[in-house]
Amino acid sequence: MHGRLRPEQIPRHVAIIMDGSGRWAERRGISRIEGHREGLEALRAVVRGAHELGVGFLTLYAFSLENWNRPKAEVNELMRLLDHYLDVEIDEVMRNGIRLRSIGRIDRLPPAVVAKVRAAVERTRDNREMVLVFALSYGGRAEIVDAARELCREAELGKIEANSIDEKIFAAHLYDPDIPDPDLLIRTGAELRVSNFLLWQIAYTEIYTTDLMWPDFRKPDLVEALLDYQGRERRFGLTGEQVRGGGDGDA
Ligand code: FPP
C-alpha cells in the first residue's frame, strides 16, 4: 500500500499540529465537541499508523496554553477525551511497546488527569518501540522561558556560569531533552502557522501542511506526508553539493 516509502528514510521524529476539528464539525452543523471526538479517532489511527511505519517519536499538539481560553465546556471535553484515551488505549499502547511522555505545564490540568498522565508515563517507561509525546498545556515560548528560569536558578546557586551557556546546554533544559528535534512537522486544517509549537526544536524541521481537517486524517495521509518528506533535500544551511557529498572544498 505504501511500497514507495523508503524504510531507511522514515523520519525519526514526526510532530503534528492536529488542527481543524472545530471547522470539521461546524461544516457538518454539529458541535465542536463532536469534532474533537472524531479527532480522537484520527489520533488513535495515526498513533497506530506511525508505529507500523517505524516512526521513532511522534509528538502530538493535544492542548496548547492558549487553549485554556476556550469556552469552559470545550476545555472540559478535551480533558475528558484525554482522560478517556489514557483509560481505553493504555493497554494497546503497552501491547505495541509504546512509551508515553508529556511536555508542557501539565500541573494546570485537573489533578486526576495529571495523575493519570504520570501513571501512564511511569507504566510505559521501559517500552522501546516508539515514543508518543503529548504536548499538553504546552507553549513553545513558555518552554523557552521555563528553560531560562531553570538556568537562572542554577546560576544563582553557582552551578553554572552565564558564559558557559551554549545551545547544547540550553536545549538540555527544555521539557524533555531526550527527545530529538522533529524531522517533519505536519499541520492539518489548511493553515500555514506554527502556532507556538516546539519553537526551539523546529529550527531545521521540514514542514508539511494539508487542507484535510484533522478528523479526516488517517494512515494513508500520514504516508502521503512521509512520501513528500522523502522527496526533500535537507541541507541544514549547507549547499546542495555539500550535502550530496560533492563537496566544494572550502566550507
Ligand atoms: C485544534 O483544532 C485542536 C485542538 C485544540 C485539540 C486537538 C486534540 C485532539 C483532536 C485529540 C483529543 C484530545 C486530547 C487532549 C487527547 P481546532 O479546535 O482549533 O479546530 P478549528 O481550527 O477548526 O477550530
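Numbering of ligands and ligand atoms starts at 1, following listing order.
- In terms of protein heavy atoms, atom 4 (C) of ligand 1 is closest to His36 CE1, 4.0 Å.
- Remark: ligand 1 and Trp214 share no N or O pair separated by less than 3.5 Å (distance only, no angle test).
- Between Arg244 and Glu233 there is a salt bridge, with a side-chain nitrogen of the basic residue lying less than 4.0 Å from a carboxylate oxygen of the acidic one.
- The residue among Arg70, Arg32, Glu89 with a heavy atom at the shortest distance from atom 19 (O) of ligand 1 is Arg70.
- Proximity of a side-chain donor or acceptor of Arg232 to a complementary backbone N or O of Ile207 within less than 3.5 Å is detected.
- For ligand 1, the atoms sitting less than 4.0 Å from at least one non-hydrogen atom of Ser21 are 2 (O), 20 (O), 23 (O), numbered in the order shown with element in parentheses.
- Scanning the protein heavy atoms around atom 12 (C) of ligand 1, the nearest turns out to be Leu40 CD1, 4.0 Å.
- With atom 11 (C) of ligand 1 as the reference point, the heavy atom nearest to it among Leu43, Leu109, Ile33, Asn67 is part of Leu43.
- Remark: ligand 1 and Leu82 share no N or O pair separated by less than 3.5 Å (distance only, no angle test).
- Judged by the 6.0 Å distance and 45° axis criteria, Arg28 is positioned over the aromatic ring of Trp24.
- With salt bridges taken as basic N to acidic carboxylate O contacts below 4.0 Å, one links Asp107 and Arg118.
- Nearest to atom 22 (O) of ligand 1 by heavy atom, out of Asp19, Thr188, Ile17, is Asp19.
- Put simply, the side chain of His36 never gets that close to the backbone of Leu78: no donor and acceptor are under 3.5 Å apart.
- Distances from ligand 1 to the non-hydrogen atoms of Gly189 include no value under 4.0 Å.
- Here the CG atom belonging to Leu222 is positioned 9.5 Å from the OH atom belonging to Tyr208, to the nearest 0.5 angstrom.
- Counting protein heavy atoms only, atom 9 (C) of ligand 1 is closest to Met18 CE, 4.0 Å.
- Taking each of Leu78, Ile16, Val113, Asp83 in turn, the one with a heavy atom nearest to atom 15 (C) of ligand 1 proves to be Leu78.
- Ligand 1 has an N or O atom lying under 3.5 Å from an N or O atom of Gly22, backbone or side chain.
- Ligand-side atoms of ligand 1 in range of Ala62: 6 (C), 7 (C), 8 (C), 15 (C), range being under 4.0 angstrom from any heavy atom.
- Taking the salt bridge (Lys or Arg N to Asp or Glu O under 4.0 Å) definition, one finds that Arg99 meets it with nothing, sequence neighbours left out.
- A salt bridge does not link Glu89 to Lys116: none of the charged side-chain nitrogens sits closer than 4.0 Å to a carboxylate oxygen.
- Listed by number with element, the atoms of ligand 1 under 4.0 angstrom from any heavy atom of Arg23 are 21 (P), 22 (O), 23 (O), 24 (O).
- One finds a salt bridge joining Glu191 and Arg23 here, because a Lys/Arg side-chain nitrogen approaches an Asp/Glu carboxylate oxygen to under 4.0 Å.
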